[in-house]
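Structure first, then comments.
Quantities reported herein were computed from a predicted structural model and do not represent experimental measurements.
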Amino acid sequence: METKDEEVAAFISRIFNEIVSSPLNLALLGAIGYVAYKIIATQMEERKVKPEEPPLPKLRKQDMTMEQLKQYNGTGPEGRVLVAVNGKVFDVTKGKRFYGPGGPYAAFAGRDASRGLATFSVAASEEFDDLSDLTPVQKESVKEWETQFTEKYEYIGRLLRPGELSRNYSDGETEGESSEEEDVTRPKAE
């Protein structure tokens, strides 16, 4: 009478003999091995630690015009990326792989992304956009995006309408201390 270990060894031996006795089984085994290798190699490559760029110093709080905002599209010497959402400017440099040059949302870098986010389009406005023609659902979407950006990225200041004057921020001032609540529908510039 065979013991459990002998039964297991005999079973494994039969399976091995079945695999190696057929060229089709060997080809399938090779294909499975190749796919497994590619999956593991890809995962190992993704885990490689990329040298992290030293973080940039915080940008001082300041309001910006569209022209000033355009300078922060990730192509400057610092590589800083700013994006405006619903009249607020955010430093999204830590999300540079998304918003920086070559990223899937690079069109938003240095621009007002409000309309693009509201309409689910990766297009951003070159000029100041008052968003007055958005539907209520789109306005709500912009507010949700603003909330997400507020939670994730550093608030820099307001996006100024043409002719609007910048506010002076003190060194320790935060968004809540000086920024009145911005509405999605901004008055049209004259």
Please report the closest heavy-atom contact between L134 and R115, naming both atoms and the distance.
CD2-NH1, 3.6 Å

Going hydrophobic residue to hydrophobic residue with side-chain gaps under 4.5 angstrom, can you get from F98 over to V122?
yes

Under 3.5 Å: donor-acceptor pair, side chain of S13, backbone of A9
no

Validation row: F149, L117 side chains within 4.5 angstrom (heavy atoms):
yes

Measuring from atom OH of Y34 to atom CD1 of I39, what distance do you get when rounded to the nearest 0.5 angstrom?
11.0 Å

Looking at K61 and E154, is any side-chain nitrogen of the basic one under 4.0 Å from a carboxylate oxygen of the acidic one?
yes

According to the interplanar angle, ranging from 0 to 90°, do the rings of F90 and Y155 count as parallel (below 30°), tilted (30 to 60°) or perpendicular (above 60°)?
perpendicular

Over 12 foreign heavy atoms within 6.0 Å of NZ, K70:
yes

Linked, directly or transitively: V89 and L160 (ILVMFWY side chains, under 4.5 Å)
no

Side chain to side chain, V83 and R111, heavy atoms closer than 4.5 Å
no

Is a donor on one side and an acceptor on the other found under 3.5 Å between the side chain of E164 and the backbone of R161?
yes

Do any N or O atoms from the side chain of R80 and from the backbone of G76 form a donor-acceptor pair under 3.5 angstrom?
no

Drop me the distance from L159's CG to T65's OG1, to the nearest 0.5 angstrom.
8.0 Å

Which atoms form the tightest heavy-atom contact between A118 and V142, and what is the distance?
CB-CG2, 3.3 Å

Check the pair R167, R158 against side-chain contact (heavy atoms from CB on, under 4.5 Å), reporting the backbone distance first and the verdict last.
CA-CA 9 Å; R167 168 184 313 149; R158 297 176 306 133; 3.3 Å; yes

I'd like to know if M66 and L59 are part of one continuous hydrophobic network [Ile/Leu/Val/Met/Phe/Trp/Tyr, side-chain heavy atoms within less than 4.5 Å].
yes

What orientation do Y99 and Y153 show, parallel under 30°, tilted 30 to 60°, or perpendicular over 60°?
perpendicular

For V137, does its backbone N or O pair with a side-chain atom of S141 as donor and acceptor, under 3.5 Å?
no

Side chains of N73 and T75 only: does a donor on one sit below 3.5 Å from an acceptor on the other?
yes

Quick check against the 3.5 Å criterion: does D91 have a side-chain atom that pairs as donor or acceptor with the backbone of L82?
no

Looking at E151 and Q148, would you say the former's side chain and the latter's main chain have a donor-acceptor pair under 3.5 Å?
no

With a 3.5 Å distance limit and no angle check, can you tell me whether T93 reaches the backbone of V81 through a side-chain donor-acceptor pair?
yes

State whether the side chain of S114 and the backbone N or O of N86 hold a donor-acceptor pair below 3.5 Å, judged by distance alone.
yes

With rounding to the nearest 0.5 Å, note down the distance linking CG in D112 to CG in L131.
6.0 Å

Between CG on residue N25 and CD1 on residue I15, distance to nearest 0.5 Å:
11.5 Å

List the atom of G74, the atom of P101, and the distance in Å for their closest heavy-atom pair.
O-CG, 3.7 Å

Take K96 and V92 through the test side-chain contact (heavy atoms from CB on, under 4.5 Å) and record every step on the way to the result.
CA-CA 7 Å; K96 194 173 184 176; V92 298; over 6 Å; no

Sidechain-backbone polar pair: T147 side chain, K143 backbone, donor-acceptor under 3.5 Å
yes

Do L28 and Y37 sit in the same hydrophobic cluster, where Ile, Leu, Val, Met, Phe, Trp and Tyr count as joined when their side-chain heavy atoms come under 4.5 Å apart?
no

Would the distance check show the side chain of S21 and the main-chain N or O of E18 forming a donor-acceptor pair, the cut-off being under 3.5 Å?
yes

Separation of N168 CG from D63 CG (nearest 0.5 Å)
9.0 Å

Here the pair of heavy atoms bringing S121 nearest to F108 is O-CZ, 3.6 Å

